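Encoded as structure tokens, the structure appears first; notes follow it.
Predicted model only: the values in this text are computed from it and were never measured. Below, chain A is the first sequence line, B the second, and so on; all start at residue 1.
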Protein chains: 2
Amino acid sequence: MSAKASVAPDKAERMPPRERILAVAADLFYRHGIRAVGVDAIAETAGTNKMTLYRHFASKDELVAEYLRQSAKGEAACWERLNAQHPGDALAQLRAWLKEMFGHVVSRDERGCPLANAAVELPEKDHPARRVIEECKSATRDKVIALCRAAGLKEPELLADELGLMLEGARVTAQSVGIDGLGARLDRMSEALIAAHAPK
Amino acid sequence: MSAKASVAPDKAERMPPRERILAVAADLFYRHGIRAVGVDAIAETAGTNKMTLYRHFASKDELVAEYLRQSAKGEAACWERLNAQHPGDALAQLRAWLKEMFGHVVSRDERGCPLANAAVELPEKDHPARRVIEECKSATRDKVIALCRAAGLKEPELLADELGLMLEGARVTAQSVGIDGLGARLDRMSEALIAAHAPK
DNA sequence: ATATAATGTTACTTACCAGTAACACAACAT
DNA sequence: ATGTTGTGTTACTGGTAAGTAACATTATAT
């Protein structure tokens, strides 16, 4: 039991095959890139075989799409959690979202946004993953705009884009260069942006 | 002569093989992704063969690194051009750089920053492309910081990061969702950021 | 005209890839 | 007990990947 399951160390065996495959695929796709991971490796790491994989997923492309759907679902769950933690306080939700995202950026073993990375890796316009990516990114933008507006901030669309682009830029930049002090700078930047849109 | 050379339609034949290969590789890598393009396709599209390719490049990874070196060289040339167009005027150079970059973002057939995309596609820390990416990105950041400082703007490091992250975010976001009106919004955002750092 | 260097050609190796067929085994419900 | 369903196993197809060897051809320089 050396370096076996990096996803669910112990109870991986108890999960049904489909969940194991999806969890392993998500981990490998995210860490090594989608094109760099073959279905054989996924099946083997998930402790099963290629046939079972293809009984649950029509193709590798569909597995990729499902991986991204899971990622998008995670984002949606994040919004609900923030809403529960700061009910009725849009500004607090916005700040909590930024704080959580900044945590991702500066974390070790972080490789950026799974959806944005997939968009880079899969330029084919008819790939089933493309729909998922676009829908999730649009939904996120709408959500941030709504929060900015509910918080009474001026020009909510512009502010949402400022924050969203800065965050997306930080996630991709963190893959190219070091992240020393980036977290603190992100905090300052976002607060400056929010302050610049404060109601007069 | 249907859809033959998308890089140098006519004089592709006159360029020496090494340059043809590099030009074709750059085009294919950028449009389809690095892992999606094989050396056979590159050689064939360049009107040559795999042997000649391997006589000029030690491996595909080295060809990739050279492709990114070319891209980085293009960025360096851009800085010199801007310096020549606005000698001594750091603020004008900064604005011209932003304008040029925004043009890339909102252009059709644009697929983001070649270096950032490569960083997403090649997570292996020992890949020869990694050095090129990190050096170019660091150099760009230093250059923008220097311009902000020379322009007398407050907190040049912070402003440079704000602009740089926004730009990087825009380039990656443009690959996921539409770019309607993004150019105009980028103009407003960058001007707001610069204004926020204006000397008192 | 001839030596030399660069390029082209063919064929090959080794390895991986996505996807499928046929069959064996286990669990579980009736 | 038996049938069904899900899973495991092996082996396979056809295609593509990176990289190399041996040899033929062309161009250039002297």
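- In this entry the distance linking CZ of A/Arg35 with C1' of D/dT16 reads 13 Å, nearest Å.
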Protein-proximity profile, nucleotides 6-14 of chain C, B/S/- by nucleotide at the 4.0 Å heavy-atom cutoff, equals -BBB-----
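- Between A/Met15 atom CE and D/dT7 atom P there is a gap of 13 Å when expressed in whole angstrom units.
- For the pair A/Ala58 and A/Ala41, nearest-nucleotide mapping onto DNA chain C gives the more 5' position to A/Ala41.
- Using modelled atom types and a 3.5 Å distance limit, the side chains of A/Glu62 and A/Tyr67 yield no donor-acceptor pair.
- The CG atom of B/Leu63 sits 14 Å away from the C1' atom of D/dG19 (whole-angstrom rounding).
- Here the P atom of nucleotide D/dT13 and the OH atom of A/Tyr54 are 18 Å apart, to the nearest Å.
- Proximity of A/Asp40 to A/Lys50: side-chain heavy atoms (C-beta onward) are separated by under 4.5 Å at one or more points.
- Across the protein-nucleic acid pair, A/Lys60 atom NZ and C/dT20 atom P stand 15 Å apart, rounded to whole Å.
- A/Asp109 and A/Ser107 are linked by a side-chain donor-acceptor pair at a separation below 3.5 angstrom, with hydrogens and angles left out of the test.
- Whole-Å rounding puts the B/Asp40 CG to D/dG19 C1' distance at 10 Å.
- Distance CG (A/Leu53) to C1' (D/dG8): 14 Å, rounded to an integer number of Å.
- For the residue pair B/His32/A/Glu124, the side-chain donor-acceptor check at 3.5 Å is not satisfied.
- In the model, A/Ser176 has no side-chain atom that pairs as donor or acceptor with a side-chain atom of B/Glu134 under 3.5 Å.
- Salt bridge annotation for A/Glu168-A/Lys137: present, with a cationic side-chain nitrogen under 4.0 angstrom from a carboxylate oxygen.
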